[in-house]
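Here the structure comes first, spelled out in structure tokens, and everything after it is commentary.
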Amino acid sequence: MCARGVSWLASPSVTGSESYHRTRGGPESMVRRVFYSGVDRPNPVGRSRGQTRDGYEAVELLVNDAARGSRSAMDESEKLLRWFESQKRLLPWRESREPYGVWVSEIMLQQTQVQTVIPYYLSFLRQFPTVEDLAAAPLEQVLAAWSGLGYYRRARQMHSAAKMIAESLDGFPSSSRELERLPGVGPYTAAAVASIAFGEVVPVLDGNVERVMARRLALAEDPKQSAVRKALFGAAASVLDSEQPGESNQALMELGATICRPKRPVCDECPLKQDCLAQQQGNPESFPAPRRRRTIERFELAVAVVRRDSSILLFRRPEESALMAGMWELPNVPLSRSVEVMAGAFEGKYGGCWKLELTDTIINHRITYRALRLHVHLGEFKAGHSVAEGLEAAWISREEQVEYAVSSAVGKIVASCCSWY
DNA sequence: CATACGTGGGC
DNA sequence: TGCCCAAGTAT
């Protein structure tokens, strides 16, 4: 593999989910111990040693910084921690290590950027200060607090997990193994919460760490492949500081977010530049391998803004729908050239009697591999007893919007509707 | 392992 | 505009 002495990382003998490998330590290499209690399968090379604080069997793993001349993994950990200490951003969830807040932040940060999360995090913790408050709140209210943040399943799963925690006699789950049993908590989030809130020595491998390590090792292979992921995971473990795992993990992610960015990384300011193979080769941007993307299909939808007094008509999506389950949406039908055809479609779907008038407002709404272009119509709707059976309707005002679970697009349209009348 | 899930920002 | 990416998880 790599010529730079990291051959242990993806050795062919990797069999378990943990890719630590014990290597013959040269005279200058450092051996570090990592206790990893979130292991379901026995580690193929580690030795079982004692118990963690939560009673789970710990596996002792020897992580060897393989023959990097005079450099050692310890140096890298220290450089990283020192850099983080002086350069870390002040973020609201960094003010406390209290597990609930850490957990909320980690869920919100899944596939979501920091600046997007900040206001949601603040208002969410104001509304639901403790896990008990969250558990006791109606799901509707939790979804409303999540409105516009996306991936709404996260809110449902968090609410469900909060109930599990509140009903449990054991308090907040305190190990990555336990945390991973919660809905919405996968390997990354479990490791992040366990290390930050509980000091568990477990590495995280998120998109940032993946990129940082792919560059550090100049690993060109596709990170989707499990062998490559293992190598990256092992590399992340090798720079993990076992005294301050939470800070260490955050440091690596912060590095990826601010210095080792996808585009135009600022290698000059990187605490690991001496250790980075891609930087030495002068082509950091070429790692990791670009992921293939499916082409986006585009659909066009007509949505109707129907006003009564100062309120707008919304309908509730079915709980069982895969897309934005239970969220309130504007009435919509596939776009057609004829307003009459669309009016008929609205009537078929929602009942009532419709009159429509096209405005020139178009809002894009993307869902992974689809893009919906929303053509907004001002409409009149006369309900009778002909409103579609089993479909929940609501008239909401701009002020009441905060109490309803709506997508970002609906939020924007409701926000700007006043100017259209 | 591939796919779907929301959204906002950068270039 | 269009494409890429972002503190992932569940199926």
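Quick note on labels: first sequence line is chain A, next is B, and so on, each numbered from 1.
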Can you measure [X] atom [atom1] to [N] atom [atom2] for me and round it to whole angstrom units?
X        : N      : atom1 : atom2 : result
A/Arg298 : C/dT1  : CZ    : C1'   : 9 Å
A/Met108 : B/dG8  : CE    : P     : 15 Å
A/Ile296 : B/dG6  : CD1   : P     : 15 Å
A/Leu182 : C/dA10 : CG    : P     : 10 Å
A/Glu285 : C/dC4  : CD    : P     : 14 Å
A/Leu323 : B/dC5  : CG    : C1'   : 8 Å
A/Leu149 : B/dG8  : CG    : P     : 9 Å

Close side-chain approach of A/Glu106 and A/Trp93, heavy atoms under 4.5 Å |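 No - every pair of side-chain heavy atoms lies 4.5 Å or more apart.
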Can you find a pair of side-chain heavy atoms, one from A/Trp354 and one from A/His377, that are under 4.5 Å apart?
->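 Result no, sub-4.5 Å side-chain heavy-atom pair not found.
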Under 4.0 Å, heavy atoms only, any strand: does [X] hit a base, just the sugar-phosphate, or nothing?
X        : result
A/Gly256 : nothing
A/Arg156 : nothing
A/Thr112 : base
A/Gln157 : sugar-phosphate
A/Arg373 : nothing
A/Leu91  : base
A/Pro290 : nothing
A/Gln115 : sugar-phosphate
A/Trp93  : base
A/Val209 : nothing

What distance, rounded to whole Å, do you find between the two C1' atoms, one in B/dG9 and one in C/dT9?
-> 23 Å
Between C/dA7 and B/dA4, how far apart are the P atoms? Round to whole Å, please.
->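 These two P atoms come out 23 Å apart once rounded.
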Per A/Gln113 side chain, nearest of listed nucleotides C/dA7, C/dA6, B/dA4 =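 Looking only at side-chain atoms, A/Gln113 lies closest to C/dA6.
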Go through C/dG8, B/dG8, C/dA7 for me and flag the one nearest to the A/Arg153 side chain.
->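 Out of C/dG8, B/dG8, C/dA7, the nucleotide with an atom closest to A/Arg153's side chain is C/dG8.
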Mark yes or no for a side-chain to base donor-acceptor pair under 3.5 Å between A/Arg154 and C/dT9, with no hydrogen or angle criteria applied.
->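 It does not, because no donor-acceptor pair links the side chain of A/Arg154 to the base of C/dT9 below 3.5 Å.
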Answer yes or no: side-chain N or O of A/Tyr151 and base N or O of B/dG6 forming a donor-acceptor pair under 3.5 Å.
->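 Yes, a donor-acceptor pair under 3.5 Å.
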May I ask you to say whether A/Lys88 pairs ionically with A/Glu254, meaning some side-chain N is under 4.0 Å from a carboxylate O?
-> no
Is it true that A/Arg177 and A/Glu200 make a salt bridge, defined as a side-chain N closer than 4.0 Å to a carboxylate O?
->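 Judged by the 4.0 Å cut-off on N to carboxylate O distance, A/Arg177 and A/Glu200 do not form a salt bridge.
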Is the count of non-hydrogen atoms from other residues, nucleotides or ligands lying under 6.0 Å from A/Arg291 atom CZ greater than 12?
->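 No, because the 6.0 Å sphere around CZ of A/Arg291 holds 12 heavy atoms or fewer from other groups.
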Taking only the side-chain nitrogens and oxygens of A/Ser105, find out if one of them lies under 4.0 Å from OP1 or OP2 of C/dA7.
-> no
Contact under 4.0 Å: A/Arg264 side-chain N or O vs B/dC11 OP1/OP2 | yes
By nearest nucleotide on DNA chain B, pick out whichever of A/Lys224 and A/Tyr152 is the more 5' one.
->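 The residue mapped nearer the 5' terminus is A/Lys224.
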Does the A/Arg211 side chain pair with the main chain of A/Gly256, one donor and one acceptor, at a distance under 3.5 Å?
-> yes
